[in-house]
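In each ligand, atom 1 is the first atom listed, and ligand 1 is the first ligand listed. What you are looking at is a predicted structure, and each value in this text was computed from that prediction instead of being measured.
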Amino acid sequence: MDKGLKVLNKSPFQKLTAVASALALLSGCSYKNITGQEVKAEVLKQKTNEQKSQKGGEDSPKPNIVYIVLDDSGFSDIGSYGSEVKTPNLDWLAANGLRYNNSHVTPVCSPTRASLLTGRNPHDIGMSTVANFDMGPEYENKRGRIYPEAGTIAEVLSENSYNNYALGKWHLSPSHQVTPAGPYENWPLGKGFDRFYGFLEDSGDQYRPELIQDNSPVDVPKKENYHFSEDIVDRANQYVTDQASVNPEKPFFLYLSFGAQHQPVQVPKKYIDMYKGVYDKGWDKIREERFNKQKQLGIIPKDTKLPGLNPGVKPWDQLTNDEKKAFIRFQETYAGFLTHTDEQIGRFIDKLRSVGELENTMIVFLSDNGTSSMGKNTGSINHTLPYNDVPEKLEDVVKHIDDIGSERAGAESPTGWAQVSNTPFKFYKATTFEAGIHTPLIVYYPKVIKDKGAIRNQYVHVSDITPTVYDVLGIDIPKEIKGVKQMELQGQSFSDSLRSAKSSGKETQYFENNGQRAIYHDGWKALTLHKKGDPYEKDVWQLYHVAEDFSESNDLAAKYPEKVKEMQKLWEKEARKYGVFPMTDIAGEGFLTIPKDSIRARNTFTFYPGMSRLSESASPFIINRSYSITVPIERDSASDDGVLVALGGYESGYTLFIKNNKLVYEYNMGNAVYRIESKENVPVGKSAIRFEFRKSESNKGIGSLYINGQKVGEGEISKTHQYKIAFEGLDIGKDTLYPVSTDYQNKGIFEFSGEIEKVVYELN
Ligand SMILES: O=[N+]([O-])c1ccc(OS(=O)(=O)O)cc1
């Protein structure tokens, strides 16, 4: 695809414009305006042509491009793909555009987004798996970043006079680079976007997100009932309004990437209440209803089979009343969250309409992967726990049932509902079964799509979307971007299918994430369900004729062993071609790999008061090791109190603070809080405060408090996080967003009223 030129193919209209200007120049006549100045006629003529070429004009050559991405939402979740959830605005896009029912993504977030934004396969550009995991230079394919050789659509379009905006979840920078001091090259502005507003990591709290605007951390707007999805759409609307008002001749690319439906599932109660009673009938029934509706809609073939419940998912009538009660609430919340998101999408569409841009905009909607199983069989109300492989107890979930959806819970639905979202498929996100990689795709582009509301069956992959856009715009990628030679596009345009149902789809596509593998070729699919630690060559391959078996219900591997071998070979060939090797089957241990070029590789950190919040993933790596935190302070009076250092929030984290003259350290594990309090008072005047953690066993140890070298408190911390401590970063001298300790939850950020000289971490 790389034709080596960064030129726009000129439309017939542009050619006419050029001829008209040339004629005007040749004509050379002039007249006097009211101030008596001489005005050349050709300038006037040119202006008329410019006005004609403003977007919205009949012959406008450059449409706006919008990508709307949902997170962790399965194939059946939206109304026009079979759901009972109310999504009128997405359904409107579907009714006025095309629904693809055979569209594929990667099993997890970052590779899908990397592929979407670059038109290449994820491994080949450094993003085999989530951006949280940077495996260092030995794993070129797992650096948690997009290599500059794979320019993003924003970089390409900025060379074609587009403005480029990104909003919402990013998750395309190594997490250890999410710091207020950069490096910034993998942040949105480093990847071609002109404006950004959102969060940079994998999940964001909907009520108190760690917001970034452009390259700077910013506070959550002080707004009653603040919600992140509303905030990013307010911003998107602002960007569109600004551009339409001030620079209407310029087209824009806008990437609107919701945190929804990823955990934490959080939405105001009003939306949860909309679904009261809807889910009382349980997941078996709802799954069946979605399946039937999908057939009626024609979104799945009439002969599709509905697989049984996934392993570990109990039939609804075998659940206890407590389970039913909690699980109903989870799904009411999930549904309300989606309706709320849809409402925001509606507000954005309305904005495009009101500034006269809707008809001249191509909108692509998709979900980045299928619905997740991280809620396990109980559902989750504290998402740090599943990230650390700590099971949650149903009784805790039931106790906090009314918190689900609120800021008091990092909620995620149980697997029974995740399977419903992924109807008619089996398994979940992170696998290469269709449940993980087969999601909705809607394309709205009224200028070209005449077959409104139709369903397209072409096999499509997320890497094909941006090449399709380039094709529609008639542009080639530049040979170089910022002096870096560009790789060829690897996705394949499906622009023909916008006009014709008959055009062909993609023939071959490989998949891989953390050792889970699959290959699609010409109507067939082979896959492995890899068990961590097993040798890859021992993995058993399954075989499905997906052209006839939409839901992978009939494993044909035993019947066609030769076909399995052929598909395996093809997987290997594609894997070699696209940089899948070396492969790893990391899961949580990915968090423990600290590359040498990460700031986390240091053993000493000195932080000064006033530092912006530092993301947890870039904070001193204290997991499973001994360390100390030393804080020289000064108190003017015995009433000076507040937080010296804190990381995390009420879900989990740690905090060192002074209250009632006592020095307190709390480690909040999520299901237990370890508290150590000084016996003695912290003196007025200068003192050296110190907390020391001595590891005794794996993820266990003794915490000690010192004032001026004297031990003033000690306690055992019998379980610490093995992978990730929290979803909220490190504060010096205060505890922003959520409080780690309930001891000061009514004191706002509980800023230290004395003076902190510095905070020094020393890690062993
Ligand atoms: O293992 N992780 O770090 C991880 C896995 C999945 C995940 O969800 S995703 O939507 O961002 O892919 C986030 C983080």
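Listed by chain and residue number, Phe607 satisfy the ring pair (Phe, Tyr, Trp, His ring centres under 6.0 Å) test with Tyr761 (two or more places apart in sequence, or in another chain). Applying the side chain to side chain donor-acceptor pair (under 3.5 Å) rule to Asn89 yields the partners Asp342; only residues at least two apart in sequence or on another chain are considered. Residues that satisfy the salt bridge (charged side-chain N to carboxylate O under 4.0 Å, His left out) test with Lys695, not counting sequence neighbours, are absent from this structure.
Ring-centre distance between His262 and Phe337: not below the 6.0 Å cut-off. Ring centroid separation for the pair Phe511 and Tyr520 does not come in under the 6.0 Å cut-off.
For the residue pair Ser421/Asp77, the side-chain donor-acceptor check at 3.5 Å is satisfied.
The contact shell of ligand 1, taken as protein residues with any non-hydrogen atom closer than 4.0 angstrom, comprises Asp71, Asp72, Val108, Cys109, Val130, Asn132, Phe133, Lys169, His171, Asp202, His262, Tyr387, Lys429, Phe591.
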